[in-house]
Amino acid sequence: MELSHILDKSIESGFLNRDDIVFLLKLDTSSDVQRLLDAADEVRRSCVGDEVHIRALVEFSNFCVRRCNYCGLRAPNTKVKRYRMLPEEIVSLAIELDRKGLKTVVLQSGEDPYYTSEMIAEVVREIRAQTNMAITLCVGERSYDDYKLWKDIGANRYLLRHETANRELYASLHPDGNFDNRMRCLGWLQNLGYQTGAGCMVGLPGQTVEHLADDIEFIRDFQPDMVGIGPYIPHPNTPLAGSRPGNLEMTLKMIALARIVTRDALIPATTAIGSIHELGREMALKAGADVVMTNYTPVEYRVHYEIYPNKRYVLEDSSECDLRLRSRIQSIGRTVSTGHGHSRKQR
Ligand code: 5AD
């Protein structure tokens, strides 16, 4: 049977051609889909083991100069209350997270040129000097020199989702975006030696199975160290208001395929998948994921980082979320990592 053959190949080598990928994305009975998710869970177990890595997320500014059609933080959305954390505030929060035992801080913002390369560098330098944490940056498209400076002074990782690997779909969603520049940035980050994260949304308006196959082929060929995949969730104050949200099952299939084609990448069970289903993150962890992020943005700011509406965990106490998360990880038979959770890819 074709499915058994492709799944055996998936577990053994991970090399899937485009036809295999499209075939797997089109599986429609729940038992066939479950076989795909189980195969990815098997690859996860044999390639990276049972540990789940926890990352501390700090959303330090929700200002954004971009106009991405799907995102609630897009510049023309005047309904968002904008905030910026001061560099000292970011550093002292990071020190507190280090004291709590967190091993990675993810510093994320909209594309906010208010923070000069030197300001970000100073934050990285201080966190590097005063803590033992891995530092992940996620501040969008910047110049090669900015990326190089931050890497040289101690940033370890960089997240820049490719959003969609299909040029036409990318253009339709990003009125001011440039697909080639996004890809160029990803190449620079990888060449500079960052542990580099790519990733995409699932269920974007106009997105087809063929487009999703483009994403998996891109992930297979680029081999990112990290892959963030979540469902698209419509935001009322965007041009895409009223569109349909991404589907849970298709998102799980995409996570499974990302695991199969990368073998050992770090793959988060994203907040977005946890926002469309109560058990979304657990399901993702059983379909190939091995990372979760806890939001440590101070609550007074966190409510305003509204990329999409009804984001989970927005009003909860971070330390409580963290504890609950740890017990949920253990309840599905997994262990919480005590290390940094660095990339295992040799380059
Ligand atoms: N729904 C789901 N994910 C979104 N993102 C942005 N807007 C949305 C949305 N409406 C994702 C993008 C971005 C990441 C920070 O959040 O993929 O890279």
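Here the structure is a predicted model, which means the values were calculated and not measured. Order of listing sets the numbers, starting from 1, for every ligand and every atom in it.
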Every residue of the protein that comes under 4.0 Å of ligand 1, judged on heavy atoms: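 The 4.0 Å shell around ligand 1 contains Y70, C71, R161, E163, M201, P231, Y232, I233, I307, Y308.
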Counting only pairs under 3.5 Å, give me each side-chain donor-acceptor contact of residues 284-294, with atom names and distances, residues two or more places apart or in other chains.
unit_1: D290; atom_1: OD1; unit_2: R259; atom_2: NH2; d: 3.3
unit_1: D290; atom_1: OD1; unit_2: I267; atom_2: N; d: 2.7
unit_1: D290; atom_1: OD2; unit_2: R344; atom_2: NH2; d: 3.4

Passing option when K148 is tested against D152, D146, D145 for salt bridge (Lys or Arg N to Asp or Glu O under 4.0 Å):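 Passing option: D152.
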Single-linkage hydrophobic cluster L325~Y296, side-chain heavy atoms < 4.5 angstrom: yes
V123: which of L137, I135, V91 passes side chain to side chain contact (heavy atoms under 4.5 Å, CB included): V91
Y170 ring center near H211 ring center (under 6.0 Å):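 They do not qualify: ring centres at least 6.0 Å apart.
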Pair H235-Y70, side chain to side chain contact (heavy atoms under 4.5 Å, CB included): steps then yes or no: CA-CA 7 Å; H235 191 293; Y70 45 80; over 6 Å; no
